[in-house]
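For reference, the structure discussed in these notes is given below.
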Amino acid sequence: MKTVFSGQAWTSFHVARSENPSLHESMGAHLSRLQSGEERGQPLAGSLSGWTSCRISRQERLVYRIVKKQDGPILEIAACRLRI
């Protein structure tokens, strides 16, 4: 499954690598489980309707959606690391 990050999510993902390696590792593990279909989050409401959130740590969340395209599903990451 192809993965696409928003600019903010990509920056947060890479900043975590240097600032908090264990958080970065946890994010990577969550992404792997999402890509394989093993992870399920909680659907969001309101302006984020259609997106799903899963907890990375006590405070951090990963906000994503899976979009079905002709050439296969795409995992879109809207936010990671910081609470929204």
Side-chain angles (χ1 to χ4, degrees):
M1 177 183 313
K2 182 178 176 181
T3 302
V4 177
F5 285 81
S6 73
Q8 177 188 6
W10 184 249
T11 300
S12 295
F13 185 72
H14 283 285
V15 166
R17 184 185 329 179
S18 60
E19 290 182 2
N20 191 339
S22 64
L23 178 63
H24 186 264
E25 185 176 320
S26 181
M27 282 190 255
H30 278 281
L31 289 172
S32 293
R33 288 194 299 269
L34 287 170
Q35 291 173 329
S36 67
E38 297 172 20
E39 178 96 18
R40 296 282 183 236
Q42 297 178 336
L44 298 174
S47 64
L48 293 174
S49 180
W51 293 87
T52 305
S53 172
C54 67
R55 188 178 298 275
I56 299 170
S57 70
R58 187 172 169 206
Q59 293 182 333
E60 288 82 9
R61 292 187 174 273
L62 184 67
V63 178
Y64 68 94
R65 68 181 172 187
I66 297 174
V67 180
K68 298 192 187 310
K69 299 281 186 174
Q70 269 186 327
D71 54 344
I74 297 175
L75 174 61
E76 291 184 350
I77 309 297
C80 61
R81 188 167 178 244
L82 304 173
R83 293 186 333 182
I84 60 169

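- Evaluation of the side-chain hydrogen bond (donor to acceptor under 3.5 Å, both in side chains) rule for S32 yields no partner, not counting sequence neighbours.
- Residues meeting the salt bridge (charged side-chain N to carboxylate O under 4.0 Å, His left out) test with R55, sequence neighbours left out: none.
- Here the straight-line distance linking atom CZ of F5 with atom OG1 of T11 works out to 10.5 Å at 0.5 Å rounding.
- The side-chain heavy atoms of L62 and M27, taken from C-beta on, include no pair separated by under 4.5 Å.
- With sequence neighbours left out, the side-chain hydrogen bond (donor to acceptor under 3.5 Å, both in side chains) criterion links E38 to S36.
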Check residues 64-77 and write down every donor-acceptor pair under 3.5 Å in which the side-chain atom is one partner and the other belongs to a residue at least two apart or another chain.
{"from": "Y64", "atom 1": "OH", "to": "G41", "atom 2": "N", "distance (Å)": "3.2"}
{"from": "R65", "atom 1": "NE", "to": "E76", "atom 2": "OE1", "distance (Å)": "2.6"}
{"from": "R65", "atom 1": "NH2", "to": "E76", "atom 2": "OE1", "distance (Å)": "2.9"}

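- Here salt bridge (Lys or Arg N to Asp or Glu O under 4.0 Å) pairs that include residues 3-13, with residues two or more places apart or in two chains, number zero.
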side-chain contact (heavy atoms from CB on, under 4.5 Å) between E60 and L23, intermediate numbers included
CA-CA 9 Å; E60 288 82 9; L23 178 63; 4.2 Å; yes

Pairs of donor and acceptor atoms involving the side chains of residues 43-52, under 3.5 Å and at least two apart or interchain, shall be tabulated with distances.
none

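- Judged purely by atom type and a 3.5 angstrom limit, S26 has no side-chain atom pairing as donor or acceptor with the backbone of S22.
- The side-chain hydrogen bond (donor to acceptor under 3.5 Å, both in side chains) check on H30 picks up R33, E39, with sequence neighbours excluded.
- Linking Ile, Leu, Val, Met, Phe, Trp and Tyr residues whenever their side-chain heavy atoms come within less than 4.5 Å leaves W10 and V4 in two separate clusters.
- Not counting sequence neighbours, R17 has no partner by the salt bridge (charged side-chain N to carboxylate O under 4.0 Å, His left out) test.
- For the side-chain hydrogen bond (donor to acceptor under 3.5 Å, both in side chains) test, no residue two or more places apart in sequence or in another chain qualifies with S18.
- Among all heavy-atom pairs drawn from C80 and S12, the shortest one is O-CB, 3.3 Å.
- By the 30° and 60° cut-offs, the orientation of the rings of H14 relative to H24 is tilted.
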